[in-house]
Colleague: 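Please read through the structure below; I'll follow up with questions.
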Amino acid sequence: MATSELYLCAYSTLSQKQHDRDNQVMMPDSVVDDVLLSVKNISLSFGGVKALENISFDIRKGEIRAIIGPNGAGKSSMLNVINGFYHPQDGEVWFKGIRRNNLKPHQIARQGISRTFQNIALFKGMTTLDNLMTGRITRMNTNMFWQAIWYGRAERQEIEHRERIEQIIDFLKIQSIRKTPVGRLPYGLQKRVELGRALAADADLLLLDEPMAGMNIEEKEDMCRYVLDVNEQFGTTIALIEHDMGVVMDIADRVVVLDYGRKIGDGVPDEIRNNQTVIDAYLGVSHD
Amino acid sequence: MFYREAGEFKTSYPADQQIFPIALDRLGVKIVLVFAFLVVPFIIDDYWEKSVLMPFLVWSMAALGLNILIGYCGQLSLGTGGFMAVGAYAAYKLMTAFPDLNIFFVIILAGGVTALVGILFGLPSLRIKGFYLAVATLAAQFFLVWMFNKFPWFYNHSASGQITAPERFIFGVAITGPEAPPWATYLFCLTIVVLFAFVAKNLTRSVIGRSWMAIRDMDIAAEIIGVPPLKAKLTAFAVSSFYIGVAGAMFFAVYLGAAEPTEAFGIEKSFLVLFMIIIGGLGSIVGSFIGAAFIISLPVLLKNIMVGGLGWPTDIVQHLIFMLIGGLIVFFLIVEPHGLAQLWRITKEKLRLWPFPH
Ligand SMILES: Nc1ncnc2c1ncn2[C@@H]1O[C@H](COP(=O)(O)OP(=O)(O)OP(=O)(O)O)[C@@H](O)[C@H]1O
Ligand SMILES: [Mg+2]
């Protein structure tokens, strides 16, 4: 559980939007339970390279939390820590109010964290449908024997989950590429399928590593729309890495800024926009 | 316009998730099965059994197994011969220790034993990949053959060092032993192979099969989205070895009748099966059959034409066949890594449009 001090400070910086949402969905004084994930004093290094130094922040239920920073700042490493692919030398990860022990990535996925990758990591030889069905693996479970004869629970399960996957396919408007091997799809569509695969898990926390990188304006707008819709319609909490400041300032509820592995800013978009350290370290240096 | 898939609309997910969603495929499979089960047994003779049909069935089974491991799960193995030997020796020990045990269960249990051995030799795959894993399985190949030569317990201390299958019956008809009629051995193996081909098809289209393919295509991403790599890899080794063990058991007990490890289960058998799945198509169930049929029937066909028809010397024809198969493997590796199954798929796509290409 987050210390009350930490939470108070986070609460005082909530945006108006966040306030509204809190008032709608829960009692204002239940906000302590409102933290979905928090990282505390995370330090991670590779040999001599310090990728993350003493990083703490939290992600609240239902929000879009952006993580920004210049290249090599440690953003992707942070996501890798959150889903257990990297093990920090120091620090704690709390998820759903429980301190997490050393779990394997696939166990963490089962707890309700799913993600997309900076460089598309789809299963290239499989169809869109199979990629999405694989994304749902954390919710499927059948004895191999029944799968072998395709009968009873195994068959029922395939059909039941296929229905949910079809909803996601409709949502992302990828019906026409259902049976296409994803390796044959253009880049923008692959990014969308990858989002679909992450959505398929119906996870509580969705980590998106630069979902709009390399896209043209139209594709970016579509992707923004999907991210906002996922957040609003499914109520999914989202942690988003993105370089496009316009996008970040538009859709994020709160922003954490990393630079050379250190946290140099944390707050609502307006605060970040006006934070001198952030401007110096990031906004002033690279605009894109 | 002969072959249609686009024109067929599925109105429910169960219909779309049938084992063969396309009506023409379903018809094709039914025709092949009816022919194989109801026609062939009446026309089969000794020559067809020994030189074409039985080898085809045995090697199809082995190719199915190896394809699950390499084609679906992406774990390279050169231990096929060794695992077939495990199946064969397990069958032999079971037949001699439990004379009353039905031969069908002997074969299945032999597969089970091989699955356990497969898991054991699959353990390194949790740490090593690709080329290094191939070397580890190569070590398994040599170790297993050495082991079956070395310890007389495995061949019941027979003077020749060979294992010989005793006669076993199903419904009073001999399945093993020299008296077994061709139609009976054929039907017995056909039943097993067809049964497990459907099992393989089912496995590869459910949760477990998708985890295998996910590990094959991108193992790190697979683990991060929730595929347990340990379970996926070890089940692939287990299932694959089961198939290969069953193939080895049928090869020894039903087809050969007697075997000696170095000759019957050497490294060239590992390569033979590997070639089958490369030519047939990696990651394709039907490809396993196509590959086995191709590699089994090509030499028979060419020998009949060149030696029988044209009167060429046998040894030259033998070498020509080697060269041809080698050339084909290079061709498929470079031009069409998905093998004949993919060419077949492309043909079907063309046929769908024919005669109007647009
Ligand atoms: N597996 C690894 N081994 C060694 N160094 C690594 C590894 N992963 C990350 N690093 C280093 O950690 C630092 C942070 O990298 P990270 O990928 O987290 O940056 P990033 O903020 O995501 O950058 P970008 O915007 O370019 O994606 C870099 O210096 C990188 O070289
Ligand atoms: Mg990154």
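Quick note on labels: first sequence line is chain A, next is B, and so on, each numbered from 1.
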Colleague: So among A:Q107, A:H106, A:K104, which one has a side chain to side chain contact (heavy atoms under 4.5 Å, CB included) with B:P228?
Modeller: A:H106

Colleague: Is chain B contacted by the side chain of A:N83, its backbone, both, or neither, given a heavy-atom distance below 4.5 Å?
Modeller: side chain

Colleague: With only heavy atoms counted, which part of A:I159 is less than 4.5 Å from chain B, the side chain, the backbone, both or neither?
Modeller: both

Colleague: I need the residue from B:S206, B:A200, B:A221, B:G283 with the largest number of non-hydrogen atom pairs under 4.5 Å to chain A.
Modeller: B:S206

Colleague: Is the number of heavy atoms from other residues, nucleotides or ligands under 6.0 Å of A:K50 NZ greater than 12?
Modeller: no

Colleague: With a 4.5 angstrom heavy-atom cut-off, is it the side chain or the backbone of A:E163 that approaches chain B, or both, or neither?
Modeller: both

Colleague: Drop me the distance from A:M144's CE to B:T235's OG1, to the nearest 0.5 angstrom.
Modeller: 6.0 Å

Colleague: Using a 4.5 angstrom heavy-atom cutoff, name the option from B:I224, B:L203, B:V199, B:T204 with the most pairs to chain A.
Modeller: B:I224

Colleague: For the CG atom on A:D170, are there more than 12 heavy atoms of other groups (residues, nucleotides or ligands in this structure) within a distance under 6.0 Å?
Modeller: yes

Colleague: Write down the atom of B:N202, the atom of A:I149, and the distance for their closest heavy-atom approach.
Modeller: ND2-C, 3.6 Å

Colleague: If I measure from the heavy atoms of chain B, does A:A148 come under 4.5 Å with its side chain, its backbone, both, or neither?
Modeller: both

Colleague: Decide if atom CZ of A:F46 counts as having more than 12 heavy atoms of other residues, nucleotides or ligands within a radius under 6.0 Å.
Modeller: yes

Colleague: Between chain A and each of B:R205, B:R216, B:K201, count heavy-atom pairs under 4.5 Å; write down the option with the most.
Modeller: B:R205

Colleague: Nearest 0.5 angstrom please: B:M213 CE to A:T127 OG1, how far?
Modeller: 8.0 Å

Colleague: Which pair of heavy atoms, one from B:D217 and one from A:F123, lies closest together, and at what distance?
Modeller: OD2-C, 3.3 Å

Colleague: Can you establish whether the number of heavy atoms outside B:F20 located under 6.0 Å from its atom CZ is more than 12?
Modeller: yes

Colleague: Side chain from CB out, backbone as N, CA, C, O: work out which of these in A:I108 comes under 4.5 Å of a heavy atom of chain B, or both, or neither.
Modeller: neither

Colleague: Side chain, backbone, both or neither: which part of A:R136 has a heavy atom under 4.5 Å from chain B?
Modeller: neither

Colleague: May I ask you to name which of A:Q157, A:E155, A:M126 has the most heavy-atom pairs under 4.5 Å with chain B?
Modeller: A:M126

Colleague: Which heavy-atom pair separates A:T134 from B:A214 by the least distance, and what is that distance?
Modeller: CG2-CB, 3.8 Å

Colleague: Can you tell me which portion of B:I215 sits under 4.5 Å from chain A's heavy atoms? Options are side chain, backbone, both or neither.
Modeller: neither

Colleague: With sequence neighbours excluded, tell me which residues meet side-chain hydrogen bond (donor to acceptor under 3.5 Å, both in side chains) with B:R210.
Modeller: A:E158

